[in-house]
Amino acid sequence: MLKEIPTKRPATPLLDTIDTPEDLRRLEPDQLPTLALELRAYLLYCVGKTGGHLGAGLGVVELTIALHYIFDTPTDRLVWDVGHQAYPHKILTGRRDRMDTMRQAGGLAAFPTRSESEYDTFGVGHSSTAISAALGMMVGRRMNGGDHNIVAVVGDGAMTAGMVFEAMNHCTHLNENILIVLNDNNMSISRNVGGLSNYFGRLWASKSYNFFRAGSRKVLAKAPKMLRAADQTEKYMKGMLSPGTLFDQLGFNYMGIIDGHNIAHLLEALGNIKNLEGPQLLHVVTHKGKGYSASESDPFGMHAIGKVAPLAEVQQSRKSNTASAPTYSQVFGKWLCAAARRDEKLVAITPAMGEGSGMVEFSREFPDRFHDVAIAEQHAVTFGAGLACEGVKPVIAIYSTFLQRAYDQFIHDTALQNLDVLFAIDRAGLVGEDGPTHAGSFDLAYLRCVPNIIVMTPSDEEETRLLLCTGYDHQGPAAVRYPRGKGPGAATGSDWKTVPIGEAVPRREGRDVAILAFGSMLAPALAAAEEFDATVYDMRFVKPIDENAIRKTAGDHELVVTVEEHAIMGGAGSAVNEVLMRDGYRMPVLNLGLPDSFLEHGKPPDMLRKAGLDAAGIARAIHEKLAADKIRCRAI
């Protein structure tokens, strides 16, 4: 058991011989426990250097070794779900010596990525996708005449999403030879692991049992009553000792529960299952954070970590940053508690993002009004709509990238019925090291086209609080979207204040050039404005947009510039263009925002700079537009 994260690379003589899974398969089975110890220590060291997801990867070390040992990867396909389980997989598949580049610009991605390795068979940023993808691969394999194995490794709560059960229902309809490995790390279904259940799990996965099972079914096929009785007896026995009844009823041959940290048992079970016919499900129990005491004792808190700095740096940092500024998530969490004290009908909902969304304090103070619905974004939104039907005020805290998964529920169940639901949309815009799968680049476009919705973009911490108050008091669906991390450091108040809906705020008076800034782009826009003596508006609202402010700037200036941390197409700038075109303005307009591409992971300031959304990039784009259109600016 490791008690601290190593800051020096640990000795890993056996792991150092593994460049590909083919090297792994040359080892003797009795060498694999030693390999697991070295892999776990090396994983801790790597994540300590780069930051990232920790607990899930520590829990699947033995399972990852066993899967690559039994299956002929990459010919056989491993599909991971969720992606942050896959750090050990990356280490064993030719990326060991690049792990210190993970989550850095130009380095390894935080999740499985098809363009990164042939062993990454499917891109995994969101959860609950593996079974659908694996089933598609199975059908494609059959059409192409292949005979390789396909395994979906589902874990860390991913079994809670409805998409999983849609896919499992289709699996049994097609009767493909797919294997699902359920990695149950106590974040999902079962906590029941012990000697008896482990024994029966191995029995149900054994060759002799499945040979007997298949043979007896053929014999009893001519005696339907006896066959039904045998099936019921088998299901009864499985149901007494495991959650297998559910999966059997879905049409899977369920096998489990297997100790996911016992390599010998894993090798035996996987080897026996490998060539079975029809849909198979192996239930494996692992301990999230296995092998690292802090993570084992706090699997939620140690789900992911930041970089581990040397002690001297930590002590110096504590001396110089005694009053650290809050993150936007913390601003939201503080507001949420204050709002709940003010209104007993407030109910908070999150789809498994309580910690990340800043809701821990609320969950402790108001446990009866806090609902973590697990990885079930669609349910979260419609659940909130149902609450609103009964006069309750739901606040749904959800990451921008995850709200995409509940878009139909947002439109059909909330906006169409004009229900009183507030969406607190976290991680809007770029998210840095987590990369394009987690970026919130599209929410303004997909929200503003929906009737009945109010969409707000706060520019700092205090604006976030004010717009949350405004959205809460509004009778109808409203959304406040804010970025990841910290803001510019604006002081926040504590009184309940709202702002006029659809009204922008002038932040700087100038001439010739007017910059309409949305959300996080206000600070760089103000800095760029100094170079041109430009007017700057904090637009606050994307819908309804302040048409008076747009008309005023169009009438008084030679160039209108819009800037947003969002895709240009369909975003806030497009809303400004629509007003100008409708009202007959024929003046030059410059729309700045994220390019029409998926931006890879990196440091957020570097990513914004590359996208031209820092102060220098905004100023450069304005200079180029002025020159190209031969627009006179008196300030230069």
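Note that CE of Met587 is 7.0 Å distant from CD of Glu558, once rounded to the nearest 0.5 Å. Here CD1 of Ile398 is found 10.0 Å from CD1 of Ile349. Values are rounded to the nearest 0.5 Å. Rounding to the nearest 0.5 Å gives a distance of 11.5 Å between CE of Met359 and CE of Met353. Separating the NZ atom in Lys552 from the CG atom in Asp546 is a distance of 11.5 Å, to the nearest 0.5 Å.
At distances below 3.5 Å, not a single donor-acceptor pair connects side-chain atoms of Thr382 with backbone N or O atoms of His379. In terms of modelled atom types and a separation under 3.5 Å, the side chain of Arg481 and the main chain of Asp443 share no donor-acceptor contact. When atom types are taken as modelled, the side chain of Glu600 and the backbone of Pro436 share no donor-acceptor pair closer than 3.5 angstrom. Within the 3.5 Å criterion, the main-chain N or O of Glu462 finds a donor-acceptor partner in the side chain of Asp460. Distance alone, capped at 3.5 Å, places no donor-acceptor pair between the Glu433 side chain and the Lys603 backbone. No donor-acceptor pair under 3.5 Å is formed between the side chain of Arg620 and the backbone N or O of Gly612. The closest donor-acceptor contact from the side chain of His566 to the backbone of Gly429 lies at 3.5 Å or more, if one exists at all.
Residues Arg582 and Glu547 are in side-chain contact: their nearest non-hydrogen atoms beyond the backbone lie under 4.5 Å apart. Using a 4.5 Å heavy-atom threshold, the side chains of Ile545 and Val579 count as touching. Counting heavy atoms from C-beta on, the side chains of Ile568 and Leu594 never come closer than 4.5 Å. You'll find the side chain of Ile618 stays beyond 4.5 Å of the side chain of Asp614, heavy atoms only.
Between Ser128 and Ile375, the shortest heavy-atom contact is OG-CG2, 4.1 Å. Residues Leu135 and Ile178 come closest through the heavy atom pair N-CD1, 3.8 Å. Shortest non-hydrogen contact noted between Ala615 and Ala528 is O-CB, 3.6 Å. The two residues Ser400 and Tyr446 have their closest heavy-atom pair at O-OH, 3.1 Å. Across all their heavy atoms, Ser520 and Glu565 have their closest contact at OG-OE1, 2.6 Å.
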- Decide side-chain contact (heavy atoms from CB on, under 4.5 Å) for Met163 and Ser132; before the verdict, give the C-alpha distance in whole Å, the side-chain angles of both, and the deciding distance to 0.1 Å. CA-CA 8 Å; Met163 183 175 175; Ser132 297; 3.6 Å; yes
- May I have the step-by-step check of side-chain contact (heavy atoms from CB on, under 4.5 Å) for Cys469 and Trp335, ending in yes or no? CA-CA 8 Å; Cys469 292; Trp335 171 86; 3.4 Å; yes
- Message: Applying side chain to side chain donor-acceptor pair (under 3.5 Å) to Asp372 and Thr350, what does each step give before you reach the verdict?
- Response: CA-CA 5 Å; Asp372 184 340; Thr350 177; 5.3 Å; no
- Task: Verify side-chain contact (heavy atoms from CB on, under 4.5 Å) between Arg540 and Glu463, making sure each step is shown before the conclusion.
- Result: CA-CA 8 Å; Arg540 279 183 168 169; Glu463 283 289 312; 2.7 Å; yes
- Can you check ring-ring contact (aromatic ring centres under 6.0 Å, His included) on Phe383 and His371, steps first, answer last? CA-CA 10 Å; Phe383 175 59; His371 296 274; 5.1 Å; yes
- Can Leu403 and Ile425 be said to form a side-chain contact (heavy atoms from CB on, under 4.5 Å), step by step? CA-CA 8 Å; Leu403 182 57; Ile425 304 176; 3.7 Å; yes
- Message: I'd like to know whether Arg484 forms a salt bridge (Lys or Arg N to Asp or Glu O under 4.0 Å) with Asp426, so could you lay out the CA-CA distance, the side-chain angles of the two residues, the decisive distance to 0.1 Å, and finally the verdict.
- Response: CA-CA 7 Å; Arg484 180 182 186 178; Asp426 203 337; over 6 Å; no
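Between Phe370 and Phe366, the ring centre distance reaches or exceeds 6.0 Å.
The pair Lys334-Glu361 does not count as a salt bridge, with every side-chain nitrogen at least 4.0 angstrom from each carboxylate oxygen. A salt bridge links Glu578 with Arg448: the distance from a Lys NZ or Arg NE/NH1/NH2 to an Asp or Glu carboxylate oxygen falls below 4.0 Å. The pair Lys610-Asp606 does not count as a salt bridge, with every side-chain nitrogen at least 4.0 angstrom from each carboxylate oxygen. The residues Arg103 and Asp434 are annotated as salt-bridged, a charged nitrogen and a carboxylate oxygen being separated by less than 4.0 angstrom.
Sorted by first and then second residue, the salt bridge (charged side-chain N to carboxylate O under 4.0 Å, His left out) pairs with a member in residues 107-124 read Lys90-Glu116, Arg95-Glu116, Arg95-Asp120; sequence neighbours excluded. Contacts classified as ring pair (Phe, Tyr, Trp, His ring centres under 6.0 Å) and involving residues 580-624 (residues at least two apart or in different chains) are given here: Phe532-His623. Counting only residues at least two apart or in different chains, ring pair (Phe, Tyr, Trp, His ring centres under 6.0 Å) contacts with residues 412-436 comprise Phe410-Phe423.
When the shell of 6.0 Å around CD of Glu365 is examined, it contains more than 12 heavy atoms from other residues, nucleotides or ligands.
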In residues 495-504, what donor-acceptor pairs under 3.5 Å come from side-chain atoms, sequence neighbours left out?
from   : atom 1 : to     : atom 2 : distance (Å)
Asp495 : OD1    : Arg465 : NH2    : 3.3
Trp496 : NE1    : Asp473 : OD2    : 3.0

N/O donor-acceptor pairs under 3.5 Å from side chains in residues 386-397, not counting sequence neighbours:
from   : atom 1 : to     : atom 2 : distance (Å)
Lys393 : NZ     : Asp420 : OD1    : 2.4
Lys393 : NZ     : Asp420 : OD2    : 3.3
Lys393 : NZ     : Tyr472 : O      : 2.9
Lys393 : NZ     : His474 : O      : 3.3

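Residues meeting the side chain to side chain donor-acceptor pair (under 3.5 Å) test with Glu377, sequence neighbours left out: none. For Lys486, the side chain to side chain donor-acceptor pair (under 3.5 Å) partners at least two apart in sequence or on another chain are Ser324. In this structure, the ring-ring contact (aromatic ring centres under 6.0 Å, His included) partners of Tyr399, at least two apart in sequence or on a different chain, are Phe402. Legend: residues meeting ring-ring contact (aromatic ring centres under 6.0 Å, His included) with Phe541, ordered by chain and number and at least two apart, are absent. For Arg342, there are no side chain to side chain donor-acceptor pair (under 3.5 Å) partners, not counting sequence neighbours. Residues forming a side chain to side chain donor-acceptor pair (under 3.5 Å) with Thr562 (at least two apart in sequence, or on another chain): Asn591. Evaluation of the side-chain contact (heavy atoms from CB on, under 4.5 Å) rule for Arg586 yields no partner, not counting sequence neighbours.
A donor atom on one side chain and an acceptor atom on the other are not found under 3.5 Å apart for Thr492 and Glu461. Of the N and O atoms on the side chains of Gln85 and Asn183, at least one donor lies less than 3.5 Å from an acceptor on the other residue. A donor and an acceptor atom, one from each side chain of Thr535 and Arg507, are nowhere located under 3.5 Å apart.
Partner of Glu564 under the side-chain contact (heavy atoms from CB on, under 4.5 Å) criterion, out of Val576, Leu444, Leu516: Leu444 alone.
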